[in-house]
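Keep in mind that what you see is a predicted model, and the values were worked out from it rather than measured.
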Amino acid sequence: MNEVKKMSGRKIRTVPITNAEWNNQLIAMINSGVKPELLEFFHQLKDERDEYRILVDITNSVLAHLNREGLVSAISQDIHRFFAIPSVAIAFFDNDNQHVFPVITCVWNNDNPHYCQQKEYPVADSDIKKMLDNDQPQAVVLTAETTDPLLKDLYTSGMQAALLFPLTFNAHSPGILILAHTDAGAFTPAVCSLLGQIASRISIAVDNANAWNEITRLKDSLKQENIWLTEQLQNVESLDDIIFQSTAMKNLLRQVELVATSDSSVLLLGETGTGKELIARAIHKLSQRADNPLIKINCAAIPASLLESDLFGHEKGAFTGAVGTHIGRFEMAEGGTLFLDEIGDMPLELQPKLLRVLQEREVERLGGSRVIPVNVRVVTATNRSLQQMVQDKSFRSDLFYRLNVFPIVVPPLRERPEDIPLLATWFTHKLATRMNKTIDTIPAAALQALCRYAWPGNVRELQNVIERAVILTQGNTLNVQVNDLQPASAPESAAPRPSTLKLPPMFNPKTPEKDDDERQRILAALRQANGIVAGPKGAAKKLGLKRTTLLSRMQRLGINTREL
């Protein structure tokens, strides 16, 4: 539907005219012997009407899309419909990336009527970016001698000529419109003139798309940072939360104070549940980085296929499902501390990349080519023997030496039994307050039973036992299920009072040096647990290991629970 203005006195009114009516009026004018000048004017008016229709349609189409892919797809379909141009592309120039620029190209051919693809081109090798400085359209004949990578790809795909329009809006150049054709003479002056008007409208849409892309990136970044900051706030604990009176813990905290003021890497060694993460927080709080974030990641809890992206980040389109830019943990911890828990479970193929970051202090996002400098202190922790893993070729020796600058061994709970009454009292008060209960008494027999227990799960297991007791408590006296605690020393009647308790260190089930011994130990534990690996009565708990650690050792030793 179109409109033509008619004069009626001094008033102007518009009357809608259809294409059929235009043709009918033209035939009537020819039959009535209208002068050639009027016929020429009529033809000119019809051409202008068609151009305005194209401009209106394309303007409405491009302004309806904010994301880049949808914008280029809509533009290419309209341009192909009106001009039969087989290749339409837009090069986007982002302010945050000076090394490469993305290009989205939509192509029509006989094999595939319409498909779009995105590719990045290096800025250093490109000649088309120089057009932004001239701000003038340019026609290019594509030949085998073409050096620009983008134009060379167009020539390889069968294109013979290209028309490039710098997209400029408000003294800002967000990109370049690149039209290519298999016919070298397809871009006539009339077509180029109309395409120039179209390009001026596309400039607005591309600028909006770039702004939307930046807003989306910042939104995702803020969302990720908010998630991690919320997690950090929920997990913040002060140094006062390290409850102890044992000599072993005093010696440990003395080492923490010494290394915290330096910027050296720290390796925390100890069994599962001993509080290695709490020690890592203490190192961060006592360091000069205390005002910056402490970001943590459990290398065993994230699939190997996602761990690289989680650590170093990825760019949009780096792999299937990468719908946006993701900031890695190293970038999140900028100026602060990154705590890598269960470092012994890091896949072997990722270890060289971690070593490079530690040595060069720079990261490259997955799917990107931009080098990002990082200023991060790394604290790692493991309950495995990294030295043994180095001998077994399952952990890189150079990475081990890089991490093992200042090792700290966190003692198991059975080696500091004098801390158990303090910890039990503290957990009771904390958990009772959370559950809106008032518990002010712990029976002496219960404390003695707690002190005699071997605690293969260490402090974490103690906290779980106290939590279960608080749930079961109805009055003011803590209801500890003593029968669930199997003593590892003398009978209860012979146990000393908790106030004067001086127990020898309990047996420490270390990993045997030989695979045969370790295999027999794991098989014995699995038989006692009736083949159950995880859970409170599983073999992992009996061995004092994490479920994932036990499963990896069973896989390495070829142990199958079905064969028991």
Side-chain angles (χ1 to χ4, degrees), residues 55 58-80 83 85-107 116-140 142 146 148-154 157 159 161-181 187 192 194-218 315-317 324-325 368-370:
L55 291 175
I58 291 182
T59 301
N60 292 335
S61 179
V62 300
L63 294 181
H65 296 83
L66 287 175
N67 65 307
R68 292 176 171 179
E69 292 81 359
L71 173 65
V72 178
S73 179
I75 291 173
S76 62
Q77 292 184 48
D78 286 338
I79 292 180
H80 180 72
F83 301 95
I85 296 177
S87 176
V88 179
I90 293 183
F92 297 88
F93 296 100
D94 300 325
N95 294 329
D96 62 338
N97 195 335
Q98 303 297 327
H99 301 283
V100 296
F101 61 93
V103 178
I104 300 177
T105 306
C106 294
V107 180
C116 296
Q117 62 182 3
Q118 178 172 333
K119 185 177 180 180
E120 288 187 343
Y121 292 90
V123 174
D125 299 336
S126 176
D127 295 328
I128 67 171
K129 193 175 187 302
K130 300 175 182 178
M131 295 179 52
L132 294 177
D133 300 331
N134 300 329
D135 195 24
Q136 294 296 327
Q138 180 177 347
V140 180
L142 304 178
T146 302
D148 184 273
L150 172 57
L151 299 180
K152 192 171 184 178
D153 286 348
L154 292 175
S157 64
M159 302 300 159
L163 190 61
L164 289 75
F165 290 96
L167 303 176
T168 304
F169 177 68
N170 283 343
H172 171 61
S173 299
I176 293 179
L177 175 65
I178 306 161
L179 308 175
H181 208 290
F187 298 117
C192 293
L194 182 55
L195 288 174
Q197 298 181 59
I198 293 174
S200 63
R201 286 155 175 78
I202 295 176
S203 301
I204 303 174
V206 172
D207 190 66
N208 291 339
N210 282 350
W212 175 258
N213 187 68
E214 180 67 12
I215 291 173
T216 303
R217 185 188 68 82
L218 293 175
E315 297 289 353
K316 182 178 180 180
T325 300
S369 58
R370 182 162 60 100

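Annotation: the span from Leu164 atom CG to Leu150 atom CG amounts to 7.5 Å, rounded to 0.5 Å. Atom CG in Leu71 sits 8.0 Å away from atom CD1 in Ile104 (nearest 0.5 Å). One distance of note links CD1 of Ile75 with CG of Leu177; it measures 7.0 Å at 0.5 Å rounding. To the nearest 0.5 angstrom, Ile198 atom CD1 is 11.0 Å from Cys192 atom SG. Rounded to the nearest 0.5 angstrom, His80 NE2 and Ile85 CD1 are separated by 10.0 Å.
Residues Met159 and Pro86 meet the side-chain proximity criterion, which asks for heavy atoms closer than 4.5 Å. Looking only at side-chain heavy atoms (C-beta outward), Val107 and Ser157 stay at 4.5 Å or farther from each other. Within the 4.5 Å cutoff, the side chain of Phe92 has no heavy atoms near those of the Phe101 side chain. Put simply, the side chain of Phe83 does not reach to within 4.5 Å of the side chain of Leu179, judged on heavy atoms. Residues Ile178 and Leu154 are in side-chain contact: their nearest non-hydrogen atoms beyond the backbone lie under 4.5 Å apart. Residues Val72 and Gln118 fail the side-chain proximity criterion, which asks for heavy atoms closer than 4.5 Å.
Minimum heavy-atom separation, Ala199 to Phe165: CB-CB, 3.7 Å. Closest non-hydrogen pair, Gly368 versus Glu315, comes out as CA-CG, 3.7 Å. Considering all non-hydrogen atoms of both residues, Val88 and Ser76 come closest at CB-CB, 3.7 Å. Of all the heavy atoms in Leu167 and Ser203, the pair that sits closest is CA-OG, 3.2 Å.
With sequence neighbours excluded, no residue satisfies side chain to side chain donor-acceptor pair (under 3.5 Å) with Lys152. Taking the side chain to side chain donor-acceptor pair (under 3.5 Å) definition, one finds that Asp148 meets it with Ser126, sequence neighbours left out.
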